[in-house]
Amino acid sequence: MGLQFAVDSWAAIAPGLSTPEQWQQWFRTPQPLARDFTPELTWMPATLRRRVSPLGRAALDVLARCQPDGACPAIFASRYGDLDAIAGLLEQLYKEATVSPMGFSLSVHNAALGVYSIARGDRVTTTSIAANADLAEAACFEALGWLAAGESQVLVVCCADPVPAPYQATDGAESFRHAWAARLRVVDAGGFSLGAATPANAPDAARAEFTAIACASLRALAFLTGAGGAELHSETGRYLWTRRV
């Protein structure tokens, strides 16, 4: 069964959605959302805020809302990272045969967490993950590893952007910018567990949960925040979330 964990705090943001009440309503009746938005991050000094991309701002917005008073390890996960910035760098490289060193340094996968640690003035452990599928599961498995190693709590952040031109979106690509964060801790009873699916509990289309939510990581968030039944399979069917009672 593996570690059982509880969600002590969570936050999520997308165009027009920011409060838990708004998200719970959207989980029940998902509606199309605008493609992008840019959080203000008024708590961050302007000199640092200017370095963070819109996707990074979304991630740091929810991370800050779940941050405990003390230091807490954080896992940052996204399917492609800041693909819009990378597309801009490739265009610059094609036109000018060079790229901006600052632009390059801020396009790497851990850039947002780096700026966050500078803004907070701490050296807390952080990990960045890129996973083309089962994103929330990859992030939470990493968090469970830190919890098993003795950390009392771990922050998980999943974020995504629409795929920009000239790239073409593949199956599973997100259609709107969003980010969510959750703070996890180990519990002896109740909570949730995450493990490999087996043939005995393979996905059944007839009992699939959250079929109206296109984004797989948001289906995981809906489950972790109380929606749905006792189980949820990952988008590939390889992993199984279980609600423990």
Notebook entry, point to check: So do the side chains of Leu113 and Leu63 get within less than 4.5 Å of each other, counting heavy atoms only?
Noted result: yes

Check: Does Leu48 share a hydrophobic cluster with Tyr116, counting links as ILVMFWY side-chain heavy atoms below 4.5 Å and allowing steps through other members?
Finding: yes

Check: Do the side chain of Trp26 and the main chain of Gln31 share a donor and acceptor less than 3.5 angstrom apart?
Finding: yes

Item checked: 4.5 Å side-chain heavy-atom contact, Phe76 and Cys159 -> yes

Check: Do Leu147 and Leu184 come within less than 4.5 Å of each other through their side chains, counting heavy atoms only?
Finding: yes

Item checked: Heavy-atom side-chain proximity of Pro68 to Leu155 below 4.5 angstrom -> yes

Checklist line | Closest contact, heavy atoms only, Trp180 versus Ala12 | finding: CB-CB, 3.7 Å

Item checked: Minimal non-hydrogen separation, Ala14 against Leu33, with atom names -> CB-CD1, 4.0 Å

Notebook entry, point to check: When you look at Arg65 and Asp61, which way does the salt bridge (charged side-chain N to carboxylate O under 4.0 Å, His left out) test go after all the steps?
Noted result: CA-CA 7 Å; Arg65 284 193 267 158; Asp61 176 275; 2.8 Å; yes

Next item on the list: Mark yes or no for whether Trp146, through its side chain, and Val154, through its backbone, hold a donor-acceptor pair below 3.5 Å.
Entry: no

Notebook entry, point to check: Is the side chain of Gln22 donor-acceptor paired with the backbone N or O of Ser18 at a distance under 3.5 Å, no angle test?
Noted result: yes

Next item on the list: Taking side chain to side chain contact (heavy atoms under 4.5 Å, CB included) as the test, write out the residues that go with Ser175, two or more places apart.
Entry: none

Next item on the list: Is it possible for you to say whether Leu93 and Leu89 belong to one hydrophobic cluster, with membership spreading through side-chain heavy-atom contacts below 4.5 Å?
Entry: yes

Next item on the list: Verify ring pair (Phe, Tyr, Trp, His ring centres under 6.0 Å) between Phe223 and Phe192, making sure each step is shown before the conclusion.
Entry: CA-CA 10 Å; Phe223 183 75; Phe192 304 89; 5.7 Å; yes

Next item on the list: Give a yes or no on whether the backbone of Cys66 and the side-chain of Arg183 come within a donor-acceptor separation of less than 3.5 Å.
Entry: yes

Margin query: Between Asp161 and Leu83, is there a side-chain heavy-atom distance shorter than 4.5 Å?
Written below: no

Margin query: For a quick test of reading the model, state the closest non-hydrogen atom pair linking Pro73 to Gln153 and the distance between them.
Written below: CD-O, 3.5 Å

Notebook entry, point to check: Linking I/L/V/M/F/W/Y whenever any side-chain heavy atoms sit under 4.5 Å apart, do Val163 and Leu55 land together?
Noted result: no

Margin query: Rounded at 0.5 Å granularity, tell me how far CD1 in Ile118 sits from CZ in Arg51.
Written below: 6.0 Å

Item checked: Flag, side chain of Arg177 to backbone of Pro15, donor-acceptor distance under 3.5 Å -> no

Notebook entry, point to check: Val115 versus Met44: any side-chain heavy-atom pair under 4.5 Å?
Noted result: yes

Next item on the list: Measure the CZ-CG distance between Arg243 and Leu224 for me, rounded to the nearest 0.5 Å.
Entry: 8.0 Å

Check: Shortest non-hydrogen contact from Phe37 to Ala58?
Finding: CZ-CB, 4.1 Å

Check: Once you round to the nearest 0.5 Å, how far does NE2 of His233 lie from CG of Asp134?
Finding: 11.0 Å

Checklist line | Exam field: side chain Gln4 to backbone Gly190, donor-acceptor pair closer than 3.5 Å | finding: yes

Note to self: I want to know whether Phe141 and Tyr239 have ring centres closer than 6.0 Å.
What the structure shows: yes

Check: Taking the side chain as C-beta and beyond, is there a heavy-atom pair between Glu137 and Thr236 under 4.5 Å?
Finding: no

Check: Nearest 0.5 Å, what's the CD-CD distance between Glu91 and Glu96?
Finding: 9.5 Å

Check: What is the distance from atom CD1 of Ile129 to atom CD of Glu142, rounded to the nearest 0.5 Å?
Finding: 4.5 Å

Check: Are Arg79 and Ser217 close enough, and set up right, to give a side-chain contact (heavy atoms from CB on, under 4.5 Å), and what steps lead you there?
Finding: CA-CA 10 Å; Arg79 191 184 300 266; Ser217 76; over 6 Å; no

Check: Can you tell me if CH2 on Trp10 sees more than 12 non-hydrogen neighbours from other groups inside 6.0 Å?
Finding: yes

Margin query: Under 4.5 Å between side-chain heavy atoms, counting indirect links through other Ile/Leu/Val/Met/Phe/Trp/Tyr residues: same cluster for Trp43 and Val124 or not?
Written below: no

Checklist line | Check: Gln92 side chain, Ser100 main-chain N or O, donor-acceptor pair, under 3.5 Å | finding: yes

Next item on the list: Considering non-hydrogen atoms only, spot the tightest contact between Leu194 and Cys140 and give its length.
Entry: CD2-CB, 3.9 Å

Notebook entry, point to check: Distance-only, no hydrogens or angles: does the Arg49 side chain make a donor-acceptor pair with backbone N or O of Leu41 under 3.5 Å?
Noted result: yes

Notebook entry, point to check: Does Arg219 use its side chain to pair, donor to acceptor, with the backbone of Ile213 at less than 3.5 Å?
Noted result: yes

Next item on the list: Please check if the side chain of Gln67 supplies one atom and the backbone of Gly70 the other of a donor-acceptor pair under 3.5 Å.
Entry: yes

Item checked: Flag side-chain contact, heavy atom, 4.5 Å: Leu17 against Trp23 -> yes

Note to self: For Pro164 versus Asp84, what's the shortest heavy-atom pair and its separation?
What the structure shows: CB-OD1, 3.5 Å

Item checked: Cluster link Phe176 to Leu135, ILVMFWY, side chain under 4.5 Å -> no

